[in-house]
Each structure stands twice: as C-alpha cells, then as structure tokens.
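Remarks on the structure that follows.
Values below: every heavy atom of this structure, side chains too, minus hydrogens, waters and symmetry copies.
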Amino acid sequence: MSSQRKQYPFPEFEPKWQQQWADTQAYRTPNPGEAGFDAAKPKYYVLDMFPYPSGEGLHVGHPEGYTATDILARWHRMRGYNVLHPMGWDAFGLPAEQYAVKTGQHPAVTTAKNVERFKKQLDRIGFSYDWSREVNTTDPDYVRWTQWIFLQIYNSWFNPATNRAEPISTYNGKDPDSVRLAYVAEMPVNWCQELGTVLANEEVVDGKSEVGGFPVERRPMRQWMLRITAFAERLLDGLDALDWPESIKLLQKNWIGRSEGAFVDFTREGSGEKFTVYTTRPDTLFGATYMVLAPEHPLVAQITAPEQRKAVDDYIKAVASKSERDRQDASKEKTGVFTAAYAINPVNDARIPVWIADYVLTGYGTGAIMAVPAHDDRDHAFAEKFSLPIIEVVRPPQPVEGCFTGEGTAVNSGILDGLPTAEAKNKITAWLAERGLGRATVQYKLRDWLFSRQRYWGEPFPVVWENGRHRAVEETELPVRLPELADFKPTGTAEPPLSKAADWVKYSPTATRELNTMPQWAGSCWYYLRYCDPKNAKRFIGEDAARYWLGDGKQKPGGVDLYVGGTEHAVLHLLYSRFWHMVLHDLGHLPTPEPFQRLVNQGIILGTDGQKMSKSRGNVVNPDEVIDEYGADAFRLYEMFMGPLEQMKPWSMKGVEGVYRFLARVWRLVMTENQEGEWQLSDAVAEIDPSPSQLRVLHATIKKVTSDLGTLSYNTAISQMMVCTNELTSAEKRPVSALRTLLVLLSPFAPHMAEELWSKLGAKFADFEGSAHGQTWPTHNESLLVENEVEVVLQINGKVRDKMVVAKDASREQLEAAARAHEKFAAQIGGKEVVKVVAVPGKLVNFVVKG
RNA sequence: GCUCGGGUGGCGGAACUGGCAGACGCGCCAGACUUAGGAUCUGGUUCCGUAAGGAGUAAGGGUUCGACUCCCUUCCCGAGCACCA
C-alpha cells in the first residue's frame with residue numbers, strides 16, 4: 001500500500017520545507033532588546049503542555065493540542081503579532097529512573113535519547129516551534145532556577161495581615177521555621193516498599209502503585225511541605241478573572257473545598273479539657289448527642305478511661321494498618337469505640353459520650369466533631385449502629401423520609417426555636433462568640449503540598465542540615481547537582497537513594513545535604529516562564545521579557561494567552577503553577593498575578609475501536625505511520641477535522657483519507673500531470689476575475705475560517721475550505737487571485753502544501769513574493785456575501801410547505817403579499833381562516849390557520 | 001451517593017440570538033473515464049412510502065406562530081470528587 005503512488009508529492013516537498021524553515025530559523029522569535037524585535041506589534045503567547053519524553057514515543061493524542069496551537073501561532077503571526085510558541089521536556093520522573101534501575105543506564109542518557117526521538121517526531125509534523133527556546137527540566141541550567149525558586153519559597157512566609165507572601169525577614173516571631181512557605185513536618189505518606197519511595201496520592205490507584213501495581217502503605221515520615229493552604233482563598237478568588245472552562249474552574253473550586261462554619265468548644269466532664277469541633281451546622285448544636293474524635297486526635301490517650309483503654313488501643317492499631325483507600329470508602333460500615341469519657345455541650349450543658357471513629361479525619365477541621373445524628377447521614381448511620389440517641393432539631397419544610405440534612409426551622413433548640421436555618425446559624429455563632437465558646441471560621445479541604453520524594457531522578461533540595469536544623473545553601477552554589485551514582489536502586493528502607501553518595505552527602509564536617517528530591521511537578525510549575533527568556537544566566541526570567549510576554553497584569557490577570565493541554569492536569573499542575581506564580585508575584589519577581597489567562601482542554605483521542613489507546617490493547621496509532629502514508633499536512637488536518645477540539649473522539653484511517661483527498665484536490669487545482677506523469681502547473685489557472693459566486697464563496701470562507709479560528713472551531717473552518725475548494729474545482733478556469741487567497745487561508749493548517757503551491761504559482765504569476773506563511777491574513781468583504789435574492793420558507797402552522805425567492809430586503813408586508821400570490825402555496829391555505837401571519841424578513845413566512 | 005459534561009443518519013460530526021435539521025467528511029448506491037481501478041470526476045444517499053405524503057434530534061410533558069436550541073420529569077453514556085462534619 002505504501003508503495004502506491006502518492007496523490008501529490010508530499011514525500012518530497014514536506015521534508016524540503018521543514019529543512020528550509022529550520023535552516024532559515026523561520027520561526028525564531030526575538031526578545032525585547034534583541035535584533036529584529038518589533039516593539040510595535042502586540043504579543044501572543046500560545047503554549048502547549050510539554051510532554052514527558054517516555055520511551056514509547058509520540059502517539060496521535062499528543063499532536064492534537066500541538067496542532068491546534070501551531071495553527072493559532074501561525075495565524076497570529078499572519079495577523080501581525082509577535083508570537084511566542086515554544087516546546088520543551090518535562091524530563092524528570094519515575095519511569096526514567098526505573099528504566100535506569102533495570103538497565104543500569106544513567107537516566108540522563110535514556111532521557112536524552114527519548115528527547116531526540118520526540119523532537120524528530122514533532123519536526124515531521126511541521127510545527128513552528130521556536131526551538132532556540134527549548135527547555136529541559138533536567139538541564140542543570142534549568143535545575144538551578146527550579147532550586148532558586150524553591151529558595152524564594154523557603155525564604156518567605158505568608159503574612160495574614162497583608163494576605164501576601166513576604167520575605168521571611170519581615171516576620172517578627174520567635175521561630176521563623178514555623179511559618180516558612182517550605183517547611184518540614186512529620187506526615188503520614190503513601191510509602192511503596194517495592195519502589196522505595198513515597199508516592200503522591202494520585203500515583204496510588206486502588207491501594208497500589210500506579211507504576212508496577214505494588215502495595216502502598218501509610219506511614220508517618222519526615223517530609224518537606226509547601227504551605228499552599230495559605231493561598232487557598234486567593235487561589236479560589238483568582239479563578240473568576242480567568243478564561244478557563246467552567247468545568248475546570250469547578251474542579252479547582254471543589255479541590256480547594258471552601259466551607260463556612262464555626263469552631264465550638266466542648267469541655268470534658270470532670271477534668272475540663274477542651275475539645276474544639278468544627279461544624280458547618282452550628283444551628284444543630286442542640287441536637288448533638290455524642291462527640292467523635294479522630295483516632296489520631298492528641299487527646300485520645302489522655303481521656304480514655306482504663307476500662308476502655310484496650311479496646312481503644314486495638315481500634316487505633318487496626319485503623320493505622322488500613323490503607324487510606326479502605327479507610328475512606330464512604331460506603332463501608334461505620335466503626336468506632338467509646339472512650340468512656342463524657343463532654344459537656346456548651347449550649348445546654350448536656351452530658352454526651354465521646355467516641356473515636358475513623359470516619360472523622362485528622363487532617364480536616366479540628367479532627368473532632370459534634371455528632372448530630374438527626375441531621376447528618378454519617379452521624380445517623382453511626383448512631384443507628386451503636387444505638388446512640390437521635391434528637392430532631394431541624395424541622396423540614398415538607399415531611400421527608402430518613403435523615404434530613406437540608407435547611408428548615410429550628411426546634412428543640414432553646415433560643416433558636418422557630419428560626420430558619422440561616423438565621424439560627426448566625427444567632428448561635430454570635431451567642432457562642434459572646435461567651436468565648438466558639439467563633440465563625442472558614443475551612444478548606446486543600447492540604448499542604450507534600451513536596452519531597454525518595455528518588456534519584458529529581459531536583460536535589462538546595463538545603464543542608466546542621467545540628468538538627470535545616471538551612472538554605474548560598475545562591476552561588478546553585479545548581480546543586482545530582483551526584484553520579486552507579487546504583488539508583490531503592491535502599492529498601494526509607495533512606496533515599498542519594499544517601500549512597502557518601503561524599504556528596506557530606507556538605508561540611510558538621511553539615512549534611514538534604515537527601516530527598518523534588519517531585520516532578522517542580523520543573524513543570526514554571527517552565528512557561530523560562531521559555532520567555534531561556535538563556536538568561538542572571539535571572540530565572542528577565543524583567544523585560546516577563547513584562548512583554550506575560551503582560552503587566554493590569555488589565556487582565558495576563559500571563560500565557562492560550563494554554564492547551566489535557567484535563568489530567570486540571571487540578572494539580574494548574575493549581576501548583578498558580579501557587580508558585582502567586583508567590584513569585586508577591587515577592588516582586590513577576591508582573592502578573594496569574595500564569596495562564598486562557599485555558600483549553602483537548603479531548604482524548606481513542607483508538608479505532610473506540611477504546612482508550614493503550615499498548616496492551618494494541619490500538620495505539622503512531623503518527624509516523626500516518627505521516628508515511630498520507631503526509632504531515634493530512635495528518636494535521638485530520639487531527640483538527642475529527643471534531644471539536646475539546647471532545648473525546650475515535651481515530652479513523654478512513655477519515656485521514658478523506659482530508660488527504662481534499663488536499664489532493666487543492667493540489668490539482670494548481671497542478672496537473674503531463675504525459676510522463678510529472679506534475680506541472682495547470683493550464684486551468686488563469687489571470688481572470690473570479691465569478692460572483694466564486695467571489696461569494698471565497699469571502700464566505702475568509703469570514704468563516706477567521707471567526708472559527710477565534711473560537712478554535714477547526715473542524716468547521718476546514719469544512720468551509722472544502723466547500724471553497726469544491727467550488728473552484730468545478731470551474732473550467734481557476735482565477736489565480738482566488739487560489740492565492742485560499743492558499744493563505746490554508747497555510748496555518750497545511751503549511752507544507754500552501755508553501756509548495758505558493759512557490760509553484762510564483763514561478764509564473766506575479767503577487768506571490770515571499771512565502772505563504774509570511775502573508776497578511778485576508779479580510780472578507782461583507783458586501784460580496786449578500787445576494788440580491790433570497791429563498792424564504794413558506795410555512796403553515798410552523799410546517800414547511802413551500803419555498804419562494806424574493807428580494808433580499810423584502811418587507812414583512814411584501815413577504816405576506818408574495819406568499820398569498822404564490823399559487824401552489826395559496827391553494828394549500830385554501831379557504832381556511834388565517835388567524836395570524838408571522839413574517840421574518842430574509843427567513844420565512846408562517847401562516848397560522850384554524851382547523 | 002454528590003457535582004459537572006453529553007445523547008442528532010450506517011459512522012465522525014454541522015446548525016447564528018428560538019426560524020429550511022443533517023453543512024463538511026467517511027461509508028454506501030448509480031453513472032462517466034479507463035486495458036484495469038481500492039485513482040479521479042459527476043449525481044444520489046435521515047427513515048417509512050412507487051408516489052402524493054408522513055415521521056424524525058434519548059423518552060415523556062410544557063412554553064411558543066415556530067423548539068436540536070428554553071422549562072419540567074425520566075432514562076442512558078462520559079468525566080471528576082468521594083465519610084471534608
């Protein structure tokens with residue numbers, strides 16, 4: 001099949017143009033201050049989510065977003081923008097390290113090999129990246145600045161008074177280490193013995209490691225944390241001004257998980273210890289019939305009565321051995337143990353039992369709750385199981401079955417009786433505050449970011465330990481390079497692999513290096529900044545470059561103008577990036593408050609079987625094979641023609657053939673085969689004026705393609721170009737001016753063919769100077785679109801009965817008269833009584849008749 | 001369970017602000033050219049019906065002169081979150 005003759009000679013001209021673009025650095029974009037920079041032009045920063053260069057190479061899902069952004073980049077260049085369109089590599093990560101463990105090859109070696117392969121594959125597709133800006137997160141020059149940014153975070157704190165990150169020097173407290181945005185804490189983590197590392201929650205699936213499927217257990221370990229929770233409110237508020245899909249904003253909102261409620265202090269009967277609980281329903285306080293502490297709550301050991309000690313200890317042990325997933329399964333039956341302690345409810349002095357149960361989580365609120373079984377599903381289930389009392393304190397507006405958790409009217413609640421829920425909340429919160437028994441508060445589900453990994457292939461922390469305390473290394477020591485290691489294998493203990501590099505570990509006679517490395521997110525948190533100024537040796541991004549490419553942040557949040565990538569990064573990557581960006585902005589290093597103004601998610605491309613592509617299913621489509629067969633332009637065009645960018649859709653080789661045929665028709669508009677089977681300029685191309693209908697289609701195409709590019713509706717833009725091509729194909733003589741315009745429109749989509757035909761036409765006709773992609777984007781002439789006569793629909797009771805042609809500006813009255821004069825249509829109305837006539841000029845006439 | 005998306009021909013998908021449902025492409029059918037066609041070109045192609053005509057955008061109801069589009073109910077598919085008090 002591949003030996004079959006191609007319908008147009010893309011195997012020759014596609015590599016030719018790619019070579020020429022590379023040789024002439026056609027897509028190099030100068031920075032402010034550099035030769036060739038035109039300050040008068042507006043900027044457009046269009047960004048792809050950079051790939052992890054895996055050993056598998058590209059599959060057809062990668063280039064979907066890349067093609068979309070490439071078309072936009074090319075389009076904006078033609079519209080007079082300075083376009084920043086870069087690419088790079090997110091090259092740290094577990095797979096490279098595991099491969100290294102298996103083969104003994106250094107991950108840097110395999111990474112370099114994979115990068116080369118990815119780059120070659122991308123170049124075959126004809127993307128207009130400015131490769132002079134390529135970044136690689138594992139490059140020491142890049143790692144230097146990742147570490148530098150970490151130090152900015154380490155050396156700052158969140159000042160609640162200003163609601164901003166500030167240098168740690170502005171903190172007046174005793175222990176700066178307790179407020180740093182990067183801090184060390186003992187945390188329960190996902191430990192995978194087999195992989196010898198902690199894993200992020202999202203790397204754990206069904207209690208097993210996503211990579212390899214090894215068991216994962218919870219164990220407390222000393223870890224580096226980043227204080228992202230301090231920014232919860234700003235991360236939430238900032239979303240409003242971003243042009244992101246509402247669904248993604250919602251995901252982030254849910255992840256941040258803001259809730260309003262109150263802290264309420266209960267006291268232990270007798271000894272008087274304070275149990276502070278968090279509740280979103282302080283109005284139900286009178287219905288609290290017991291309390292529950294998380295098993296890990298610090299007061300548990302202290303309050304447990306001797307007769308219950310064994311049961312409590314056994315329960316705590318059992319909970320600790322459970323995986324996080326087992327514990328958090330909401331559908332399982334409730335478990336818990338009575339501590340034999342009692343607490344006093346501050347509003348009515350009721351004496352209620354204190355239990356421990358694993359349905360109360362230690363990391364949220366205060367790790368303790370008041371249980372209101374009448375109005376909370378979980379408390380209800382627990383109370384039923386352990387036969388605890390249930391007291392109704394909220395009357396539903398309408399009678400309901402089972403546990404009522406909605407809003408209603410307070411009952412059995414003393415001073416609150418008769419109040420609707422919202423008022424009851426306010427009243428009781430104020431009542432508690434007056435007496436020093438509670439206060440209103442806001443809580444977030446968001447947790448601080450676990451930032452350390454026990455891996456080799458990541459950025460070392462620029463931190464050393466001395467006398468049990470951590471401190472930053474000098475900036476002049478950056479980058480802190482990874483030591484050469486012959487053996488990357490896990491140590492089999494919690495000790496990171498870097499511990500094996502004895503010389504490296506020993507920083508000074510009294511100090512040792514931090515042995516953990518940063519997670520893969522670190523490099524991807526700020527790569528979009530480095531692209532702006534990739535060679536800057538003095539700063540992570542130069543001020544002029546930042547101000548130009550990101551904007552001043554005054555009109556809009558600014559940053560990257562368009563960011564395209566998959567939904568898998570909807571929460572973590574995008575949230576982490578926003579967090580780092582905010583800190584750097586607060587500290588005065590960046591002009592804009594947000595990194596990404598507009599975000600678009602491309603949908604997943606499924607295999608030809610409609611299933612998700614995977615090696616095990618054997619349905620992975622490799623772009624190289626498609627390009628061998630149909631060429632890069634057809635590949636690009638099909639990726640965009642499949643359907644809406646954001647939608648999930650299956651791959652179809654027949655579909656590729658369809659756009660391939662379209663491109664072949666475009667080719668034959670200009671070229672024809674001679675007797676010897678060689679392609680030559682067609683005689684049908686002539687310097688004649690386009691016909692009115694050709695002109696109309698051409699300008700309709702300019703209009704549609706332009707507006708569709710604005711909304712990323714590539715599929716309909718392409719279909720309009722097909723319409724235009726079909727119109728020109730059917731003509732005996734093809735006006736060269738129309739072909740010229742079509743090629744300009746086509747050039748962002750199918751750049752090789754546009755360029756090739758442009759140069760072929762240029763050999764004979766004037767007005768083909770330079771290159772197709774160097775042309776100014778055309779504008780349509782609206783007056784050419786309007787026709788003098790339009791077809792309007794004739795309806796009876798909203799049903800189409802006939803059609804007629806009238807002058808385009810016919811009035812309502814004229815339309816009605818014309819309809820009545822329309823013989824066939826008038827006959828259908830017959831003698832029926834016309835109740836009403838609706839006439840919409842240019843569209844239709846509708847007769848509403850009786851009977 | 002909760003929260004978002006989404007259900008349109010044989011298939012991928014079009015349809016502006018409520019105004020001719022099915023653009024464009026695939027597939028299929030017929031024809032032309034041809035030694036040949038899995039190349040190309042031309043025409044057709046939602047369904048039922050020979051036709052006139054009728055039905056039709058997951059199902060049912062509503063608003064409207066008019067609904068794929070707006071409202072209500074139900075079903076199905078996809079994604080995310082999942083004991084967050």
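Nucleic acid contact for Ile369(A): base, since at least one base atom lies under 4.0 Å from a heavy atom of the residue. Contacts of Leu251(A) with the nucleic acid, taken as non-hydrogen atoms under 4.0 Å apart, involve only primed sugar atoms and P, OP1 or OP2. Lys803(A) comes within 4.0 angstrom of a nucleotide base, judged by non-hydrogen atoms across all strands. Here Ser730(A) lies out of heavy-atom contact (under 4.0 Å) with every strand. No engagement by Asp379(A) is indicated, since no non-hydrogen atom pair under 4.0 Å with the nucleic acid exists. Ser652(A) comes within 4.0 angstrom of nothing in the nucleic acid, heavy atoms only. At the heavy-atom level, Val277(A) lies nowhere under 4.0 Å from the strands shown. At a threshold of 4.0 angstrom between heavy atoms, the contacts of Val793(A) include nucleobase atoms, whether or not backbone atoms are also involved. Note on Met370(A): nothing from the nucleic acid sits closer than 4.0 angstrom, heavy atoms only.
Cation-pi geometry between Lys334(A) and Tyr359(A) is met: the NZ or CZ atom falls under 6.0 Å from the ring centre, inside 45° of the normal.
Regarding the sugar-base torsion, G9(B) falls in the syn class, its angle being within 90° of 0.
Across all strands shown, nothing is found opposite U50(B) as a Watson-Crick or G-U wobble partner with both distances under 3.5 Å. Within the shown strands, C2(B) is the pairing partner of G80(B) under the Watson-Crick or G-U definition, both distances less than 3.5 Å. Across every strand in view, G9(B) sits unpaired, with no contact that passes the Watson-Crick or G-U test at under 3.5 angstrom. Within the shown strands, nothing qualifies as a pairing partner of U63(B) under the Watson-Crick or G-U definition with both distances less than 3.5 Å. For C16(B), there is no paired base (Watson-Crick or G-U wobble, both distances below 3.5 Å). In this structure, C41(B) forms a base pair with G31(B), meeting either the Watson-Crick or the G-U wobble geometry with both donor-acceptor distances under 3.5 Å. Base pairing analysis places G56(B) opposite nothing; no Watson-Crick or G-U wobble pair with both distances below 3.5 Å involves it. Base pairing annotation: A23(B) forms no Watson-Crick or G-U wobble pair, as no partner gives both donor-acceptor distances under 3.5 Å.
One cannot find a donor-acceptor pair under 3.5 Å joining the base of C20(B) and the side-chain atoms of Lys843(A).
Atom CE of Met653(A) is separated from atom P of C26(B) by 16 Å (rounded to the nearest Å). The distance between atom CD of Glu646(A) and atom P of C4(B), rounded to the nearest whole Å, is 18 Å.
Taking side-chain N and O atoms only, Asn254(A) has no distance below 4.0 Å to OP1 or OP2 of A82(B). For the OP1/OP2 pair of C65(B) and a distance below 4.0 Å, the side-chain nitrogens and oxygens of Lys836(A) include at least one atom meeting the criterion. The side chain of Asn715(A) contributes an N or O atom lying less than 4.0 Å from OP1 or OP2 of A14(B). Residue Arg801(A) has no polar side-chain atom (N or O) positioned under 4.0 Å from OP1 or OP2 of G53(B). The side chain of Gln647(A) places no N or O atom within less than 4.0 Å of a non-bridging phosphate oxygen (OP1 or OP2) of G6(B). For the OP1/OP2 pair of C41(B) and a distance below 4.0 Å, the side-chain nitrogens and oxygens of Arg668(A) include at least one atom meeting the criterion. Applying the 4.0 Å criterion to OP1 and OP2 of U40(B), one finds that Gln7(A) has a side-chain N or O inside that range. Look at Lys654(A) and you won't find any side-chain N or O under 4.0 angstrom from OP1 or OP2 of G38(B). At the phosphate of G25(B), OP1 or OP2 sits under 4.0 Å from a side-chain N or O atom of Arg665(A). Distances shorter than 4.0 Å separate none of the side-chain N or O atoms of Thr716(A) from OP1 or OP2 on C24(B). Considering only side-chain N and O atoms, Tyr359(A) lies nowhere under 4.0 angstrom from the phosphate OP1 or OP2 of A85(B).
The ring pair (Phe, Tyr, Trp, His ring centres under 6.0 Å) test with Tyr638(A) is passed by exactly one of Phe662(A), Tyr714(A), Trp651(A): Trp651(A).
In this structure, the ring of Phe386(A) has its center less than 6.0 angstrom from the ring center of Trp355(A).
Aromatic ring orientation, Tyr278(A) versus Phe263(A): perpendicular (interplanar angle above 60°, classes split at 30° and 60°). Ring pair Tyr660(A)/Phe10(A) is perpendicular by interplanar angle, where above 60° counts as perpendicular and below 30° as parallel.
Remark: Arg696(A) CZ to Thr701(A) OG1 distance equals 12.0 Å, nearest 0.5 Å.
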